[in-house]
Amino acid sequence: MKPPTLRPDIRSQTRDELSALLAAWGEPPFRAPQVLSWLYAWRVASWDAMTNLPRPLRHRLASHFQLHPLTLERCQGAPGQTRKFLWRLADGAHIESVLIPANPALYAEPSDRLTLCVSTQVGCAFGCKFCASGLHGWKRNLGPDEIVEQVLAAERWLAANASSQTPSLRPSPPRRRIDNLVVMGMGEPLANYDALSKALAILNAPWGGAIGARHITVSTCGLAPQIRRFAEESPQFRLAISLHGATDAIRNRLMPVNRKYPLSELISACEHYLARKGRMISLEYILIDGVNDGLDQAHPLAALARRLRAKINLIPCNPVHGLPWRRPAPPAQTAFLHALKKAGVTATLRIEKGDNIDAACGQLRLQAEAAHPAD
Ligand code: SAH
């Protein structure tokens, strides 16, 4: 669990909650929009920066709420390429976010802007055999503010590192850069459902992160009951399934969660999502040499994708230190892709952008914690 703090972080508050509180304090109705503009348009990280708020109100807010920025511990990557951030949280735990330059045909419509991949938990309880995030188990859930702050902190970093700043006479909020969000970092988002749901509401709201619902994708290892619940959320968030095996035999070998929710249950939950939302699901399939990349697997995978009217994202597996899995050679990757296309499904093979910076989930955190073990 997140360690109990006396004061919630202000980034865990919706506009309605904040407005109600400020009204109860006798503040005029324009105060809540002012505070929200400082938080989400200006992305300030201190109360003192909220210069048009009366000082007593700033003090009152500060005694009621925390405003903890994430601390950037490490940033890997080069300009114009994938950047990986290792953040330190207020309690010293580490999480990662990954900033990905435009990649058309991945999760949302073609875009010339930026996608941020965010974490939802410290560690992970699901123990997928190829994934670094779960190697040391689950530590705690992130609060909604810690999910939201990953976007704000990455945008602060972008603003500070922008190559050319256009000077303007009238001060205006810094330009928003991140317009795609994938919840595919460390942790299982649907196992931290309430915090995820609140964070996405804030990131999606016009007064908050203002990221369109169709540009927000949540990825799950396959928690069937929570997929059904997710199907009832009103915004049109997208869903990606980390499938990685098209048969129970292979999925059981790679993903322990499949023993709890086997393919039949997972598929039926996806069908429910499809019926409720009518939105195309993405199936993530990491290609692992000699495990799930045989052409015999392309047929059940294509059949599944056809049944769900889903598209398939093939991802050559990232090697993780200490794990035996390797990615297939490029001709085998392409052969698998062609077999899927021949079977009539939409499939893409991800051009690797993160291998050289250890972008497979959880790797930076493990390195940091090996160097400075958490107390
Ligand atoms: N728990 C969620 C989100 C986190 S994992 C989920 O399972 O979807 C995010 C994605 O990274 C998943 O598709 C996961 O399978 C993939 N991933 C994890 N380890 C990887 C590796 N070594 N190489 C490539 N992709 C990996």
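For ligands, and for the atoms within them, numbers begin at 1 and follow the listed sequence. Positions are given from 1 along the sequence.
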Checking contacts here: is it the side chain or the backbone of [X] that comes within 4.0 Å of ligand 1, counting heavy atoms only? Could be both or neither.
{"X": "Thr220", "result": "backbone"}
{"X": "Pro189", "result": "side chain"}
{"X": "Asn318", "result": "both"}

>> Is any side-chain heavy atom of Glu96 closer than 4.5 Å to one of Gln76?
In response: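 Side chain of Gln76 against side chain of Glu96, heavy atoms only: no contact under 4.5 Å found.
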
> Would you say Leu22 and Leu57 make side-chain contact, with heavy atoms under 4.5 Å?
Replying inline: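 Leu22 vs Leu57: side chains touch.
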
Between the candidates [options], which shows the shortest non-hydrogen contact distance to [atom]?
{"atom": "atom 14 (C) of ligand 1", "options": "His244, Arg327, Gln121, Met184", "value": "His244"}
{"atom": "atom 13 (O) of ligand 1", "options": "Ser282, Pro319, Ser242", "value": "Ser242"}
{"atom": "atom 3 (C) of ligand 1", "options": "Gly187, Ala191, Cys117", "value": "Gly187"}

Mind checking whether [X] has a heavy atom under 4.0 Å from ligand 1?
{"X": "Met186", "answer": "no"}
{"X": "Gly185", "answer": "yes"}
{"X": "Cys128", "answer": "no"}

Which of the numbered atoms in ligand 1 are under 4.0 angstrom from any heavy atom belonging to [X]?
{"X": "Cys221", "value": "6 (C), 7 (O), 8 (O)"}
{"X": "Ile286", "value": "24 (C), 25 (N)"}
{"X": "Val320", "value": "22 (N)"}
{"X": "Cys131", "value": "18 (C), 19 (N)"}

Value rounded to 0.5 Å, distance of [atom1] in [X] from [atom2] in [Y]:
{"X": "Leu349", "Y": "Lys341", "atom1": "CG", "atom2": "NZ", "result": "8.5 Å"}
{"X": "Thr82", "Y": "Leu99", "atom1": "OG1", "atom2": "CG", "result": "8.0 Å"}
{"X": "Ile211", "Y": "Ile202", "atom1": "CD1", "atom2": "CD1", "result": "12.0 Å"}
{"X": "Ile95", "Y": "Arg140", "atom1": "CD1", "atom2": "CZ", "result": "8.0 Å"}

> Does Glu188, backbone or side chain, put an N or O under 3.5 Å from an N or O of ligand 1?
Replying inline: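 Yes.
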
> Any N/O of Pro316 closer than 3.5 Å to an N/O of ligand 1?
Replying inline: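 No, Pro316 has no N/O under 3.5 Å of an N/O on ligand 1.
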
> Salt bridge between Glu265 and Arg228, side-chain N to carboxylate O under 4.0 Å?
Replying inline: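 Result for this pair is no, no salt bridge flagged.
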
> Is Glu27 salt-bridged to Arg60, cutoff N-O under 4.0 Å?
Replying inline: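 Arg60 and Glu27: not salt-bridged.
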
> Using the ring of each side chain (for Trp, its six-membered ring), is Trp38 parallel, tilted or perpendicular to Trp42, with breaks at 30° and 60°?
Replying inline: tilted

> Which word best sums up how the rings of Phe230 and Phe237 line up, parallel for under 30°, tilted for 30 to 60°, or perpendicular for over 60°?
Replying inline: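 Geometry flag for Phe237 against Phe230: parallel rings.
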
